[in-house]
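So you know, we letter chains A, B, ... as the sequences are listed, proteins then strands, and number each from 1.
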Number of protein chains: 2
Amino acid sequence: MPLKRIADSTVRRLSLYLRFLEEFENAGLTTVSSDELAARGGTTSAQVRKDLSFFGSFGKRGLGYQVAELTQSMRRILGLERDWRVIIVGIGKIGSALAQYEGFQQRGFRVVGLYDSDPAKIGREVYNLPVLPIEAIAEDNRERPVDIAVIAVPASAAQRVVDQVVAAGITGIMSFAPIQLHVPADVTLNTVNMAMELERLSFALSNRE
Amino acid sequence: MPLKRIADSTVRRLSLYLRFLEEFENAGLTTVSSDELAARGGTTSAQVRKDLSFFGSFGKRGLGYQVAELTQSMRRILGLERDWRVIIVGIGKIGSALAQYEGFQQRGFRVVGLYDSDPAKIGREVYNLPVLPIEAIAEDNRERPVDIAVIAVPASAAQRVVDQVVAAGITGIMSFAPIQLHVPADVTLNTVNMAMELERLSFALSNRE
DNA sequence: GGGGGCTTGTGAATTCATTCACAAGATAGG
DNA sequence: CCTATCTTGTGAATGAATTCACAAGCCCCC
């Protein structure tokens, strides 16, 4: 559907809009204007309309957008109308926090497998799922393909684990490891680096007038 | 030091460069070129030089940069030469994972307090720190000021908790709550929204050619 | 000490993103 | 049916970030 490449900043905002639309929907509103969406998200109405315009025409002039309809369009655009099969690799503190995080399940990210390399952890149950050895990923993925692997292992192991995940044929990766990872071009990688986020905050705090 | 406003993308890259420089330093390299830094970070040498040029002149023409010297400059620019006093509010799965995350301590982010509103959690020790009631933040901050509050409470409580933290006089906030928070202009807020990050991945996976 | 080979630092050019501004619809009310 | 009032969708204008391209500086070696 998107004719040209969509900017990352646009996708982030779409995600925000979806959140606001869900709020509006829960509040019982049936109609919303670009101005109201913009106010809620700290941006401008022109920005909202431009963002949407990359994907089509969703509103009625003079009237605004139907909340339910736009919500559904956002979901479709973001690829949230389907379920995603997710595995978590690295069942430490962060991994197990993610395993039980309801925000994921709610949006259709189904955690279907937990993996670790530590023999002490393998076999344990975490939130109704057994922890399996990392070596099992390849075969498990053959039997029942996985869409996304969440990487929550220490920095020192992350690239090796990513290589294994890629070799197993998984092409979507979400990493929480605080390092720069390398993947082939046909694999989509998204990294959340908390250390970097704190450094950004540190910079901002250090440079306030 | 920065003459004009520095782009967020620039700060993110500085953070990356610092990480690479530390790798190079550990590997025993004493000198590095903008080309080598760029290759490591998936950017261009011109980008590296432009990023650095906002803050001064750090290299020698024909030779490159002294690794140790540039590392230190990056630390200074990012505000990492000092320690930051950090509290964590919300000692659930994510909060306690963050409390023990070594990546934070390593870069001078000292966790000095844990707070929660759940009476069942208050009083417990988590990694050598007692969990205190949220109401205590204001007085604790008066006695010994805190630089950064990490917010790891559920979405439904996040804005209220942020208001309390702001009222207590803390002006740096790092939030992991999956909602848009509002703070006064003199408070610096940085949000990591994991749900949004997964949606970004979902979008990317849905729109591969 | 002068020439050749590197690599930085930086204006200029280009590309990308946001904002402006307004015509084109849409509704409602007389 | 016509007018007044909204609000969208979108080219054009502006503004921001990245890339280009090259002069300036530094080192080494002959």
Asker: Using a distance-only test with no angle check, is there a side-chain donor-acceptor pair under 3.5 angstrom linking A:N26 and A:E22?
Answerer: no
Asker: Please check this pair: side chain of A:E36 against backbone of A:S33, looking for a donor-acceptor N/O pair closer than 3.5 Å.
Answerer: yes
Asker: Atom CZ of B:R12 to atom P of D:dT18: distance rounded to whole Å?
Answerer: 12 Å
Asker: Below 4.0 angstrom from OP1 or OP2 of C:dC6, is there any side-chain N or O of B:Y65?
Answerer: no
Asker: Measuring to OP1 and OP2 of C:dG9, would you say a side-chain N or O of B:S57 lies under 4.0 angstrom away?
Answerer: yes
Asker: Got a sec? Which of residues 24-50 of chain A come in under 4.0 Å of DNA chain C, heavy atoms?
Answerer: A:T44, A:A46, A:Q47, A:R49, A:K50
Asker: Pairing donors with acceptors under 3.5 angstrom, does anything connect the side chains of B:Q66 and B:T30?
Answerer: no
Asker: Using atom CG of A:D51 as one end and atom P of D:dT8 as the other, report the distance to the nearest whole Å.
Answerer: 13 Å
Asker: In whole angstrom, what separates A:F55's CZ from D:dT8's P?
Answerer: 18 Å
Asker: Over how many whole Å does the gap from A:F54 atom CZ to D:dG9 atom P extend?
Answerer: 13 Å
Asker: Has B:R13 got a side-chain N or O lying under 4.0 Å from the OP1 or OP2 atom of D:dT18?
Answerer: yes
Asker: Taking the six-membered ring for Trp and the full ring for Phe, Tyr or His, determine whether the centres of B:Y101 and B:F104 are under 6.0 Å apart.
Answerer: yes
Asker: A:R75 and A:T71: side-chain donor and acceptor closer than 3.5 Å?
Answerer: no
Asker: Determine the interplanar angle of the B:F109 and B:W84 rings, folded into 0 to 90°, and report it as parallel if under 30°, tilted if 30 to 60°, perpendicular if over 60°.
Answerer: parallel
Asker: Starting from C1' on C:dT8, measure out to CZ on B:F58 and report it in whole angstrom.
Answerer: 13 Å
Asker: Measure from the side-chain N and O atoms of A:D116 to the backbone N and O of A:L132, and report whether any donor-acceptor pair falls under 3.5 Å.
Answerer: no
Asker: Which atom pairs link the protein and nucleotides 26-28 of chain D when you take only N or O atoms and keep those under 3.5 Å?
Answerer:
unit_1 : atom_1 : unit_2 : atom_2 : d
D:dC26 : O4'    : B:R61  : O      : 3.3

Asker: Indicate the ring-plane relationship of B:F55 and A:F203, choosing parallel, tilted or perpendicular according to the 30° and 60° boundaries.
Answerer: perpendicular
Asker: Distance check needed: D:dT7 P versus A:L52 CG, whole Å only.
Answerer: 16 Å
Asker: How about B:S202 and A:R107: does a side-chain donor come under 3.5 Å of a side-chain acceptor?
Answerer: no
